[in-house]
Structures are given as C-alpha cells and as structure tokens.
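Structure first, commentary second.
These numbers were taken from a predicted model, which means no experiment stands behind them. A note on names: the letters A, B, ... follow the listed sequences, proteins ahead of strands, and every chain is numbered from 1.
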Protein chains: 2
Amino acid sequence: MTRAKVVDRATRILDAGGPDALTLSRVARELGVRPPSLFDHIEGLPGLLRALRIRSFEAQTELLRAAAVGRSEDDALRAVALAYRGFTTAHPGLYRISVRTYVGDAPEVQRAAGALLSAFLEILRGYAIAEDELVHAARFARGALHGFLTLEAEGGFGLATNVDASFERTVDAICRALGTWTSPIGGWSSASTARGRPSRPRRARMRSAELGR
Amino acid sequence: MTRAKVVDRATRILDAGGPDALTLSRVARELGVRPPSLFDHIEGLPGLLRALRIRSFEAQTELLRAAAVGRSEDDALRAVALAYRGFTTAHPGLYRISVRTYVGDAPEVQRAAGALLSAFLEILRGYAIAEDELVHAARFARGALHGFLTLEAEGGFGLATNVDASFERTVDAICRALGTWTSPIGGWSSASTARGRPSRPRRARMRSAELGR
DNA sequence: GGATATTTCCTAACTATATTAGGTTGGGTT
DNA sequence: AACCCAACCTAATATAGTTAGGAAATATCC
C-alpha cells in the first residue's frame with residue numbers, strides 16, 4: 001500500500017462515479033484496508049483531494065505541452081484542443097476536480113495550476129498579439145475551451161446531437177478570434193477586424209431579484 | 001416555516017460559504033428548527049439541491065431574457081454577458097450548483113435547464129447564421145461565456161489583474177466570432193472570414209498516461 | 001545478529017451528517 | 001365537539017471522517 005496506489009484508486013473512483021462517489025471509506029474498502037489506515041499515506045480527505053488536483057493539473061500541463069510541440073498558432077491550438085477533449089473524456093472526474101478551489105488552496109496546488117496557465121500562454125505567443133493583450137487572449141481561449149468541455153461533460157448541451165461538429169466549430173471560432181485580436185485603442189494585430197469594433201458596452205445594471213432572502 | 005424560506009436560506013448559505021457549507025443541519029440551525037423538521041418541506045438533501053438548481057436555471061433564464069429584450073446581435077449579447085457576470089458575482093454558489101448534473105437529473109430540472117438553453121438560442125437568431133449552424137454557435141457562445149465566468153469564480157485566472165478588461169475582450173471576441181460564423185462547406189454568413197478556414201484538424205491520438213491505475 | 005526505530009496496519013471511540021419512525025400540538029374544518 | 005392535518009418534536013440508525021493508541025512487520029544501525 002503506497003500513497004500512489006491510494007491516489008490511483010481514488011482517481012478511478014472519481015472518473016467512474018463522479019465526485020460524490022469518492023469517499024475514504026470506499027477507497028479503503030477497494031484497497032482492502034480500513035479507513036484509518038489511509039491516514040498514514042494521505043492527510044485525510046482534504047489531502048487526497050489536494051493530491052488529485054495536483055495530479056490533474058500536472059497531467060493537463062504535460063498533455064498541453066506534448067500536443068503543442070512542433071506546431072504553432074492555429075495548428076497548435078487545434079492539437080491542444082483535441083488533446084484536452086481527449087483528457088476530459090478519459091478522465092471526467094479528474095478534470096472536474098481541477099476546476100474549483102484554485103484560490104485559497106495549498107501552495108503546491110497553486111503551483112501546479114500556475115504551470116498549466118503559463119503553458120497555455122506559451123502557445124498563444126505564436127499569434128500576432130501584443131504582449132499586454134496576451135493575458136486577455138489566453139483567458140478568452142482557455143475559458144472558451146474550458147466552458148465547452150465542462151458543459152459537454154455535464155451534459156449541459158441537452159440532446160447530444162453533433163457535439164463533435166460543435167467542437168470543431170468552436171475551435172474554429174477561437175482560432176478566428178485569436179487571429180483577429182484587437183486592442184481596445186486601435187488596430188494592433190496584422191489583419192484588420194472584419195466588423196470593426198462595435199460600441200463599448202455600457203454598464204448595464206442588474207437586479208438580483210429576490211434570490212437568497 | 002415554508003418551503004420557500006428553506007430554499008432562501010439554503011441559497012444564502014450556498015452563496016456565502018460554497019457547496020461544502022450547505023448542510024441540512026446548518027439550514028435547520030439557522031432557521032431555528034431541528035433537521036428532521038425540514039423533511040416536511042423538502043425531500044431531503046437531494047430535494048433541496050434539486051430545488052436550488054431549478055431556482056438557479058430559472059433566475060438565469062429570466063435574467064437573460066430581460067437583458068436581451070429590445071436589443072439584437074452584438075448589443076444583445078453584450079447586455080446578456082454583463083447580466084450573466086452580474087449573476088455569477090452576486091450568486092456564485094447558486095451559479096455553481098447549476099453546473100453539473102444536467103444529465104440524469106429530475107425532469108423538472110431538465111426542463112428548467114432546457115428553457116435556459118432555448119432562451120440563449122433565441123438571442124443568436126439575430127445573427128446571420130444558418131439554422132443548422134445555430135446550435136453550434138450557441139454552444140460556442142455559451143461555452144465561452146460560461147468558461148470565463150467559471151474560471152473567474154474559481155480564481156482560475158491566478159492574480160486577478162485586469163479581469164474586467166479580459167471580460168470585455170472576451171465578449172468582443174465572441175461577437176467577432178459570431179459575426180464571421182462559417183459553415184464547414186462554404187461561406188454562408190454575410191462577411192467573409194478573415195483568415196479563411198485552415199486545414200481540418202487531424203484526429204490526434206492521446207495517451208492517458210498512467211492515470212487511474 | 002540482535003536491539004531499535006520506523007512503517008503500516010489495526011481496533012476503539014468520537015463527531016457530524018442525513019434520514020426514518022413515530023409522537024405531540026395547535027389551528028382550522030365539518 | 002370531534003376531527004384532521006400541518007409542522008414541529010424526540011429517539012434511533014447508518015455512514016463518513018477523524019483521532020488515539022496499540023501490534024506486527026520491516027528496515028536500520030551498532
């Protein structure tokens with residue numbers, strides 16, 4: 001019984017049964033030991049979750065780097081997107097657990113998350129995007145990819161008609177947006193924007209209705 | 001003590017303390033009753049979560065409709081995006097809980113989720129996008145919005161430098177992509193694409209490494 | 001090789017949570 | 001006045017996580 005085996009088994013349970021299925025009792029049962037025995041290898045449930053998050057971030061980072069090597073711009077982004085989708089499909093639970101609790105988490109987790117972030121930034125460096133716009137572009141691209149995959153994993157697309165095609169179109173759209181990235185002041189990037197830049201959104205006020213009290 | 005009060009209090013706890021803070025014990029304590037008393041108003045914890053998800057979807061749907069009324073295309077999308085961000089900021093817990101568990105959930109929850117989906121589709125109808133492309137465009141737009149807001153809410157952007165600007169850029173990027181939406185066959189929409197349509201991504205194979213065993 | 005230290009598992013016990021069963025009470029109805 | 005039922009209660013059970021402390025196996029050191 002080693003720490004790695006505990007985390008391995010937890011990963012399997014997580015991927016197969018979702019977050020609610022993962023309990024120390026179950027991990028212990030499947031490993032043939034009693035729950036308290038796990039505490040000699042992980043620091044309780046929080047420690048196990050921490051280990052899983054780190055594993056998830058590291059896997060994603062490596063994946064991303066491997067997919068991008070030797071490619072650039074749209075080519076790199078497409079490869080990364082495909083690899084990412086492969087990951088969320090193969091390890092839905094592990095992916096999910098990496099979302100949530102970046103902030104306030106242990107330094108090691110923060111570090112793993114940071115590595116993923118910078119790997120992503122690296123890929124976007126191929127595009128003709130001003131340095132101070134890069135972070136915005138990265139947030140957009142990562143968010144778009146992440147949002148699609150999350151919704152897909154959660155079944156948020158309702159009837160699963162043609163999700164593959166939707167994904168291709170989504171990646172295309174991201175590439176298109178990155179290829180025509182603009183600064184808010186004037187045109188920066190090589191290509192001119194297709195439809196200019198429509199009026200700045202005026203701050204709309206929202207009512208939070210009678211939710212929560 | 002009414003059902004509505006239970007759900008209200010649960011919403012507050014959820015928004016203030018996150019998913020882990022929400023327990024029946026706590027709801028009961030804050031309402032001045034004992035836990036079993038709650039069972040006369042909700043069907044246990046699963047029932048409470050169900051009610052919360054429904055409330056979340058309904059709130060989002062109404063919000064979206066209200067923001068879009070009287071506007072179209074980019075104008076509508078910008079307003080919707082702002083309203084959405086306002087919602088996730090005001091009710092992070094309630095928003096979170098709507099993500100996850102679409103599939104396999106109770107019919108009422110499915111219905112509430114479906115209403116949100118179709119409201120979103122309605123907004124995109126203003127764009128010059130072919131009918132059979134609409135669903136793809138909606139998945140992209142919703143995913144991008146959702147992904148950004150999720151990452152922001154989870155602190156996934158690391159140092160919170162200029163997230164407001166990132167959001168504006170992201171909404172711009174979504175508008176741009178929708179304005180230049182293409183069909184995979186040929187040009188459909190009004191504007192021609194800025195950078196043509198690069199080679200179809202070839203299915204990359206991924207290794208799932210030694211994760212989960 | 002034998003004494004010792006460390007690792008790894010165990011049982012026992014405690015806490016919190018969700019949940020069921022069944023009792024009490026008071027307001028409103030016939 | 002008798003009744004019903006809505007809304008609360010106490011008591012009890014099951015499961016999860018966790019701590020304390022002990023026993024056995026394994027590694028380490030003289």
(Q) It should be established whether A:Ser37 places a side-chain nitrogen or oxygen under 4.0 Å from OP1 or OP2 of nucleotide C:dC10. (A) yes

Q: May I ask you to evaluate whether A:His41 reaches the phosphate of C:dC9, defined as a side-chain N or O under 4.0 Å from OP1 or OP2?
A: yes

In whole Å, I'd like the distance from the [atom1] atom of [X] to the [atom2] atom of [N].
X: A:Lys5; N: C:dT8; atom1: NZ; atom2: P; answer: 12 Å
X: B:Asp40; N: C:dT19; atom1: CG; atom2: C1'; answer: 13 Å
X: A:Arg34; N: C:dT11; atom1: CZ; atom2: C1'; answer: 9 Å
X: A:Asp20; N: C:dT17; atom1: CG; atom2: C1'; answer: 14 Å
X: B:Leu31; N: D:dC9; atom1: CG; atom2: C1'; answer: 16 Å

**Q.** Sugar-phosphate or base contact per nucleotide [nucleotides 13-18 of chain D; S, B, -; heavy atom under 4.0 Å]
**A.** ---SSB

Q: Measure from NZ or CZ of A:Arg169 to the centre of the six-membered ring of B:Trp181 and say whether it is under 6.0 Å with the direction within 45° of the ring axis.
A: no

Q. With side chains defined as the heavy atoms from C-beta onward, is the minimum distance between B:Leu22 and B:Leu49 less than 4.5 Å?
A. yes

Q) Can you find a heavy atom in the side chain of B:Val7 that is under 4.5 Å from one in the side chain of B:His41? A) no

Just checking [X] against [Y], ring centres under 6.0 Å apart?
X: B:Phe167; Y: B:Phe148; result: yes
X: A:Phe120; Y: A:His146; result: no
X: A:His91; Y: A:Phe87; result: yes

